[in-house]
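First up is the structure itself, then whatever we jot down about it.
As the structure lists them, so they are numbered: ligands from 1, and atoms in each ligand from 1.
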Amino acid sequence: MVLFGALAALLLSFVYLDSVILIDQVTNAAIDAEIRALEEKYTELGIDGLREEIGERSNDAGVSGELYLLLAPDNSILAGNIGAWPQELDSDGTWLRFAISVPQRGAEATEHQVRAREFILPGKHRLLVGRDIEERLNFKRLIARALLWALSGTAALSLLSGLVLSRWLLARVNAISGTCAEIIAGNLAKRIPLSGRDDEFDRLSARLNDMLEQIERLTTGMRTAMDSISHDLRAPLTRLRSNIELTLLGEADVDVCRTALSAALAEVDRLLATFTLLLQIARAEAGIVPTDAMDLARLLEEIAELYEPVVEEQQMRLVSEIAGPALINGNRELLAQSLINLLENAIKFSPRGGVIRCALRLEGSRVCVEMADQGPGIAAQDRQQVLQRFVQLDSSRSTPGSGLGLSLVAAVAHLHHAQLVLADNQPGLRISLHFPALDERDAKDA
Ligand SMILES: Nc1ncnc2c1ncn2[C@@H]1O[C@H](COP(=O)(O)OP(=O)(O)O)[C@@H](O)[C@H]1O
Ligand SMILES: [Mg+2]
């Protein structure tokens with residue numbers, strides 16, 4: 001702002017000096033031209049001709065303020081409209097400045113400034129040609145005053161706008177730093193308010209809000225994982241510990257020890273499986289896993305093949321209707337685990353002789369995977385709940401499991417922007433996942 005004011009002042013000073021110099025130059029040129037013309041008259045017609053010319057010019061000079069005085073070598077006045085050789089106010093050798101008194105109609109006479117030049121004719125006659133520059137001086141003063149006003153106006157305006165702008169900037173910056181302070185104080189859900197003007201500050205705030213969103217998602221994921229681990233791994237670990245302690249305290253023979261050890265091994269395996277699932281869920285929810293173009297149909301075929309013997313062993317039938325290839329952008333490990341969870345649930349909850357149908361088809365720009373069984377199904381009101389961590393419905397409390405299988409499926413679906421739908425298979429459960437398909441062009445780019 002100060003810089004802007006200084007520049008404006010500099011510019012206006014240049015305008016002033018330029019116009020003042022121009023006015024002086026115009027006056028000087030007019031006087032010089034007149035002296036030359038009179039000198040020519042003198043050369044042509046001699047002193048009498050010049051005298052007559054000056055007499056004439058003096059008569060009608062009042063209008064434009066031209067002043068003349070012609071003196072004989074003895075300093076007597078020959079012609080002109082000035083009463084006497086003037087008292088100089090100022091002189092730089094060539095140009096003289098003096099004041100004359102100009103009578104005003106119906107008022108007191110006023111002093112006018114005159115700019116003039118003296119010229120000595122060959123016959124020692126002295127010629128004085130001048131101009132009343134009072135009006136020009138007034139004009140100069142007018143310009144000076146106007147420029148001064150303009151300058152002070154500019155200064156005031158730039159000061160004011162600078163003040164307003166800096167207050168506005170400070171207010172916006174304060175809003176951001178205030179929100180940051182609240183977040184640091186522990187309110188992670190706080191977001192920076194947007195003004196709705198869609199300016200740089202709004203864009204910066206929106207970016208920061210996105211960042212906060214991501215940080216909150218990550219910390220929430222981490223906190224839930226920590227909570228889950230501390231709550232749900234604690235009980236089995238304590239059980240495991242007391243079992244080992246009891247065995248050690250008793251006078252156990254080798255067989256009793258073996259039984260206790262294999263029970264402990266089974267418990268540790270379960271713990272490890274739960275632990276792996278919890279970590280996978282946390283990673284899927286945080287979105288910190290690599291994804292790549294992959295054929296979901298191939299993956300489902302492999303899993304179906306792998307589980308075929310398990311299904312048959314349970315005297316059930318696995319029907320797969322897989323139409324491939326079906327490219328999606330995904331994480332192979334998490335998708336495989338999710339599909340296995342669905343298939344294992346279907347096996348776990350299907351009655352003997354039941355049919356499990358596993359299908360994949362392309363629906364427009366979507367890849368749809370479906371797993372349907374003929375078990376008890378899940379009532380509509382429980383379908384949201386079973387997606388939560390460690391939730392097992394009352395009817396399945398007795399079945400082995402951790403209640404984490406569908407939580408992983410939900411997290412992985414979210415990670416892959418897939419829609420997860422639980423429906424009634426009449427009878428049984430039909431779960432479908434709708435992934436955005438990747439066309440081959442995207443797959444090559446990816
Ligand atoms: N195919 C299914 N048929 C009926 N109920 C199911 C089915 N799949 C899941 N459920 C219900 O949802 C609950 C949560 O499933 P899940 O998260 O896989 O945990 P888990 O299999 O360890 O019990 C199950 O305990 C069960 O009550
Ligand atoms: Mg399960």
Provide the number and element of each atom of ligand 1 under 4.0 Å from a heavy atom of [X].
{"X": "G401", "result": "22 (O)"}
{"X": "S402", "result": "22 (O)"}
{"X": "L393", "result": "25 (O), 27 (O)"}
{"X": "D373", "result": "1 (N), 2 (C)"}

Could you identify the single nearest non-hydrogen protein atom to [atom] and state the distance to 0.1 Å?
{"atom": "atom 7 (C) of ligand 1", "result": "F349 CD1, 3.4 Å"}
{"atom": "atom 21 (O) of ligand 1", "result": "K348 NZ, 2.8 Å"}
{"atom": "atom 18 (O) of ligand 1", "result": "N345 ND2, 2.8 Å"}
{"atom": "atom 12 (O) of ligand 1", "result": "V386 CG1, 3.4 Å"}
{"atom": "atom 5 (N) of ligand 1", "result": "I378 CG1, 3.4 Å"}
{"atom": "atom 13 (C) of ligand 1", "result": "V391 O, 3.7 Å"}
{"atom": "atom 4 (C) of ligand 1", "result": "G377 O, 3.6 Å"}
{"atom": "atom 17 (O) of ligand 1", "result": "L406 N, 2.8 Å"}

Considering only distance and modelled atom types, tabulate donor-acceptor pairs under 3.5 Å from the side chains of residues 415-422, sequence neighbours left out.
| from | atom 1 | to | atom 2 | distance (Å) |
| --- | --- | --- | --- | --- |
| H416 | ND1 | V412 | O | 2.8 |
| H416 | NE2 | N331 | N | 2.9 |

Full working for side chain to side chain contact (heavy atoms under 4.5 Å, CB included) between L240 and V268: CA-CA 8 Å; L240 183 63; V268 168; 3.6 Å; yes
Set of side chain to side chain donor-acceptor pair (under 3.5 Å) partners for Q337, sequence neighbours left out: N341
Any side-chain heavy-atom pair of [X] and [Y] under 4.5 Å:
{"X": "L188", "Y": "I183", "answer": "yes"}
{"X": "L342", "Y": "V369", "answer": "no"}
{"X": "L362", "Y": "V367", "answer": "yes"}
{"X": "L278", "Y": "F390", "answer": "yes"}

Does only the side chain of E344 get under 4.0 Å from ligand 1, or the backbone, or both, or neither? Count heavy atoms. neither
Going through the checks in order, is the side chain to side chain contact (heavy atoms under 4.5 Å, CB included) test met by L137 and K140? CA-CA 5 Å; L137 284 178; K140 273 192 201 175; 4.3 Å; yes
Within 6.0 angstrom of R136 CZ, more than 12 heavy atoms from elsewhere: yes
Under 3.5 Å, is there a donor-acceptor pair between the side chain of K190 and the main chain of I184? no
Chi angles and distances behind the salt bridge (Lys or Arg N to Asp or Glu O under 4.0 Å) call for E66, R57: CA-CA 8 Å; E66 288 146 356; R57 289 193 183 200; over 6 Å; no
Can you list everything that forms a ring-ring contact (aromatic ring centres under 6.0 Å, His included) with F201? Sequence neighbours excluded, please. W168
Short N/O distance, under 3.5 Å, between G403 and ligand 1? yes
Is it true that D32 and R117 make a salt bridge, defined as a side-chain N closer than 4.0 Å to a carboxylate O? yes
Shell check on the Mg ion (ligand 2): protein N, O or S atoms less than 2.8 Å away are N345 OD1
